[in-house]
Enquirer: 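Just dropping this structure here.
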Amino acid sequence: MNGIHGTASTEVAAAPDAVFAFLTDLDRLPAWNDAIEELVSRPERLEAGSEWQVKMHPRRMPGWGSVSTVTEHDPMTRRFSYRTRNADGNPSWTEWTWSVEPAGAGAVVAVSWDAYLKTADRRLLAGPIRKRQLAREVPKSLSALKAALA
């Protein structure tokens, strides 16, 4: 396995700008993303090149540090993209892209992820495990995000 790719979305009953502000509030990440145990560090501002770090701890897995670098943060178009990598220096990475679009009286939140597995341990062991985890984690996170915005 050389990569992991996926998409997911949900409709929420909140204004698109409020949804985007909530989604990009790094301090709130652990509240709606169950795989994130804690926010370790954050930038003063979200802008291209800024970084933050979290401690990941998905169910039934050991924890690890994850560093994210913003590639796009555009409140006008409500797009947020970043690249994550393990803090251990492994060259594998994942590109995450979030978008928020108006829909009826609320908004649609969509996310896509593209992981690029660069080492044998990630391609043969961690990648297949993480692919199954993301299939469960992302919809669960979107449900928690939806509930938090209700």
Enquirer: What are the two closest heavy atoms between Pro16 and Pro102, and how far apart are they?
Expert: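 Shortest heavy-atom separation between Pro16 and Pro102 comes out as CG-CA, 3.7 Å.
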Enquirer: If I compare all heavy atoms of Glu51 with all of Thr69, which pair ends up nearest, and what's the gap?
Expert: OE2-OG1, 3.1 Å
Enquirer: For residues 138-150, run the donor-acceptor check on the side chains, cut-off 3.5 Å, and write out each pair with its distance to 0.1 Å, sequence neighbours left out.
Expert:
from: Lys140; atom 1: NZ; to: Asp34; atom 2: OD2; distance (Å): 2.9
from: Ser141; atom 1: OG; to: Glu137; atom 2: O; distance (Å): 3.1
from: Ser143; atom 1: OG; to: Pro139; atom 2: O; distance (Å): 3.2
from: Lys146; atom 1: NZ; to: Glu11; atom 2: O; distance (Å): 3.3

Enquirer: Report yes or no: do Trp98 and Trp113 belong to one cluster of Ile/Leu/Val/Met/Phe/Trp/Tyr joined by side chain heavy-atom distances under 4.5 Å?
Expert: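 Per the 4.5 Å side-chain linkage, Trp98 and Trp113 are co-clustered.
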Enquirer: Looking only at heavy atoms, what is the nearest atom pair of Glu37 and His57, with distance?
Expert: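 The answer is OE1-ND1, 2.7 Å.
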Enquirer: Enter the distance from Ser99:OG to Asp74:CG here, rounded to the nearest 0.5 Å.
Expert: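 Rounded to the nearest 0.5 Å, the OG-CG separation comes to 11.5 Å.
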Enquirer: Checking Arg83 side chain against Trp96 main chain: does a donor-acceptor pair fall under 3.5 Å?
Expert: no
Enquirer: Do Trp64 and Ile36 belong to the same hydrophobic cluster, where Ile, Leu, Val, Met, Phe, Trp and Tyr are linked whenever their side-chain heavy atoms lie under 4.5 Å apart, directly or via other members?
Expert: yes
Enquirer: Please confirm whether the backbone N or O of Asp88 pairs with a side-chain atom of Asn86, one donor and one acceptor, at under 3.5 Å?
Expert: no
Enquirer: Quick check: do Val54 and Leu39 have side-chain heavy atoms less than 4.5 Å from each other?
Expert: yes
Enquirer: Less than 4.5 Å apart, any side-chain heavy atom of Arg78 and any of Val19?
Expert: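 In short, these two side chains do not touch, never coming nearer than 4.5 Å.
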Enquirer: Can you tell me how far the CZ atom of Arg45 sits from the NE2 atom of His73, to the nearest 0.5 Å?
Expert: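 Reported value, rounded in 0.5 Å steps: 9.5 Å.
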Enquirer: Evaluate the side-chain proximity of Pro43 to Leu26: yes if any heavy-atom separation is below 4.5 Å, no if none is.
Expert: yes
Enquirer: What distance do Arg122 atom CZ and Asn90 atom CG have between them, rounded to the nearest 0.5 Å?
Expert: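 One finds 3.5 Å between CZ of Arg122 and CG of Asn90.
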Enquirer: Mind checking the CG-CG spacing from Leu124 to Leu117? Nearest 0.5 Å is all I need.
Expert: 9.5 Å
Enquirer: Taking all atoms of both residues into account, what is the closest heavy-atom pair of Glu95 and Tyr116, and its distance?
Expert: CG-CE1, 4.0 Å
Enquirer: Below 30° counts as parallel, above 60° as perpendicular, anything between as tilted: where do the rings of Tyr82 and Phe80 land?
Expert: tilted
Enquirer: Identify the heavy atoms of Met56 and Ser66 that sit nearest to each other, and give their distance.
Expert: CG-CB, 3.7 Å
Enquirer: Donor-acceptor pair, Ser81 side chain versus Thr71 backbone, under 3.5 Å?
Expert: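 Between the backbone of Thr71 and the side chain of Ser81 there is no qualifying donor-acceptor contact (under 3.5 Å).
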Enquirer: Please check: side-chain N/O of Ser92 versus main-chain N/O of Lys118, any donor-acceptor pairing under 3.5 Å?
Expert: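 At least one qualifying donor-acceptor pair exists.
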Enquirer: Could you state the interatomic distance from CG (Leu125) to OG1 (Thr119), rounded to the nearest 0.5 Å?
Expert: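 Between Leu125 CG and Thr119 OG1, I get 10.0 Å after rounding to 0.5 Å.
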Enquirer: Supply the atom-to-atom distance Gln53 CD to Arg85 CZ, rounded to the nearest 0.5 angstrom.
Expert: 8.5 Å
Enquirer: When you compare the side chain of Pro58 with that of Arg136, does any pair of heavy atoms fall below 4.5 Å?
Expert: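 They are not in side-chain contact.
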Enquirer: Is any side-chain heavy atom of Leu46 less than 4.5 Å from a side-chain heavy atom of Trp52?
Expert: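 With C-beta onward as the side chain, the pair touches.
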Enquirer: Are Glu47 and Val70 close enough that some pair of their side-chain heavy atoms sits under 4.5 Å apart?
Expert: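 Glu47 does not reach Val70 side chain to side chain.
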Enquirer: Are Phe22 and Phe20 linked, directly or through intermediate hydrophobic residues, by side-chain heavy-atom contacts shorter than 4.5 Å (ILVMFWY only)?
Expert: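 Result: yes, single cluster for both.
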Enquirer: I need the minimum non-hydrogen distance between Val40 and Lys55, along with the two atoms involved.
Expert: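 Heavy atoms of Val40 and Lys55 come nearest at CG2-N, 3.8 Å.
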